[in-house]
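See structure below.
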Amino acid sequence: MRYPVPDLAPGTWQESVIEVERSRFIAWLCHAPDVAAFDAMLAEARRTHPSASHHCSAYIAGPPGEQQAIGFSDDGEPGGTAGRPMFQVLEGAGLGQIGCVVTRYFGGTKLGTGGLARAYAQAVSRGLEALPRRQAVERTTLKLGVDFAGEAEARAWLESHDAPVEHAEYVSDGVRLTAAWPSDVAVDLSPLEARLRGRLELLETTQSGETTPRSATS
């Protein structure tokens with residue numbers, strides 16, 4: 001499975017601001033591969049803006065459609081007027097591993113429940129417009145055994161199939177290569193085996209979860 005995630009380094013986030021009826025809505029967005037990453041951004045928003053009226057939030061700490069590691073909060077706003085509209089924008093964008101906080105400074109004019117929902121949703125949408133993105137790829141770990149003479153060719157072949165070698169172990173009779181194979185592509189090592197004239201052994205296959213490739217898309 002491949003899906004877009006925020007192209008933001010751990011511990012960093014993107015900010016954007018909109019103003020509605022003199023209330024300021026500051027949207028914070030981060031890459032949230034787990035809930036802890038989202039919690040860190042929420043804590044920073046509260047620390048940076050201690051006098052703000054509300055710090056509403058939503059996150060999807062998994063792929064699009066995730067049902068477990070998700071959440072949203074109105075943080076004192078009327079029920080259903082902040083966190084849920086924010087979550088719906090994130091969900092509708094088809095993004096995964098994303099966290100969002102919208103910090104509100106009350107401007108003196110009440111917006112009503114409908115106005116609040118629209119304002120929080122708009123704040124998130126505005127933030128997403130400029131959000132850099134990259135593709136996340138769920139991967140399977142392959143452990144392969146090759147002889148010393150076949151290592152370079154095996155590495156090049158794996159790299160050309162978007163399966164980077166993450167670890168190499170040198171033993172008496174050759175090399176054990178650990179590669180991250182994209183899970184949405186069937187594992188077929190027969191072309192490599194033919195190149196190596198049969199000097200290839202598949203030692204282990206393990207579902208390793210999600211990693212991100214080096215190339216990014218915007």
Side-chain angles (χ1 to χ4, degrees), residues 1-14 29-41 59-70 90-100 128 130-218:
M1 182 180 183
R2 299 170 186 252
Y3 55 91
V5 301
D7 188 12
L8 298 171
T12 67
W13 35 81
Q14 175 185 284
L29 292 166
C30 74
H31 181 214
D34 50 44
V35 179
F38 161 75
D39 286 340
M41 182 178 68
Y59 65 87
I60 302 171
E66 169 70 28
Q67 298 297 310
Q68 301 298 321
I70 60 175
L90 297 181
E91 190 176 42
L95 289 158
Q97 301 183 23
I98 184 168
C100 181
L128 291 176
L131 181 70
R133 308 175 189 201
R134 65 172 180 257
Q135 289 292 308
V137 183
E138 292 183 348
R139 294 183 179 270
T140 297
T141 297
L142 303 182
K143 183 172 285 188
L144 309 175
V146 300
D147 60 20
F148 294 113
E151 179 188 0
E153 186 158 11
R155 283 179 177 270
W157 187 88
L158 289 165
E159 188 74 24
S160 71
H161 287 74
D162 189 24
V165 173
E166 298 182 329
H167 179 70
E169 179 186 2
Y170 295 89
V171 294
S172 60
D173 61 344
V175 187
R176 307 291 183 257
L177 299 176
T178 300
W181 188 274
S183 297
D184 58 350
V185 177
V187 178
D188 180 9
L189 300 177
S190 57
L192 177 59
E193 187 175 18
R195 289 189 181 195
L196 298 179
R197 297 182 175 85
R199 300 190 304 274
L200 171 69
E201 183 180 3
L202 177 58
L203 302 172
E204 185 179 330
T205 302
T206 307
Q207 186 67 35
S208 60
E210 180 276 328
T211 61
T212 50
R214 288 182 292 277
S215 60
T217 59
S218 58

Kindly indicate whether the side chain of Arg134, heavy atoms from C-beta on, has any atom under 4.5 Å from the side chain of Pro4.
no

Which heavy atom of Pro6 sits nearest a heavy atom of Gly96, and at what distance?
CD-O, 3.6 Å

Nearest heavy-atom pair of Gln14 and Ala130: which atoms, and what distance?
OE1-O, 3.1 Å

How would you list, by chain and number, every residue that makes a side chain to side chain donor-acceptor pair (under 3.5 Å) with Asp184, sequence neighbours excluded?
Arg2

Between Cys100 and Phe38, the two heavy atoms sitting closest are O-CE1, 3.7 Å

List in chain and number order the residues that pass side chain to side chain donor-acceptor pair (under 3.5 Å) with Glu151, two or more places apart in sequence or in another chain; answer none if no residue qualifies.
Arg155, Tyr170

Reported OG1-to-CG distance for the pair Thr205 and Leu144, which is rounded to 0.5 angstrom:
8.0 Å

Between Cys30 and Ala37, what is the shortest heavy-atom contact and its length?
SG-O, 4.1 Å

Considering non-hydrogen atoms only, spot the tightest contact between Asp173 and Arg176 and give its length.
OD1-NH2, 3.2 Å

Ser160 and Trp157 have their tightest heavy-atom pair at OG-O, 2.7 Å

Donor-acceptor pairs are to be reported for all side-chain atoms of residues 185-203 against protein atoms at under 3.5 Å, with residues two or more places apart or in another chain.
{"from": "Asp188", "atom 1": "OD1", "to": "Ser190", "atom 2": "N", "distance (Å)": "3.1"}
{"from": "Asp188", "atom 1": "OD1", "to": "Ser190", "atom 2": "OG", "distance (Å)": "2.6"}
{"from": "Arg199", "atom 1": "NE", "to": "Asp147", "atom 2": "OD2", "distance (Å)": "2.5"}
{"from": "Arg199", "atom 1": "NH1", "to": "Leu196", "atom 2": "O", "distance (Å)": "3.4"}

Rounded distance (nearest 0.5 Å) linking atom NE2 of His31 with atom CG of Leu131
10.5 Å

Just verifying a value: how many Å separate Asp7 CG and Thr12 OG1, rounded to the nearest 0.5 Å?
9.0 Å

Got a donor-acceptor contact below 3.5 angstrom from the Ser183 side chain to the Thr140 backbone?
yes

If the condition is side chain to side chain donor-acceptor pair (under 3.5 Å), which residues does Glu204 pass it with, not counting sequence neighbours?
Thr206

Under a 4.5 Å cut-off applied to non-hydrogen side-chain atoms, are Pro64 and Glu91 in contact?
no

Do Leu95 and Ile60 make a side-chain contact, defined as non-hydrogen atoms from C-beta onward lying under 4.5 Å apart?
no

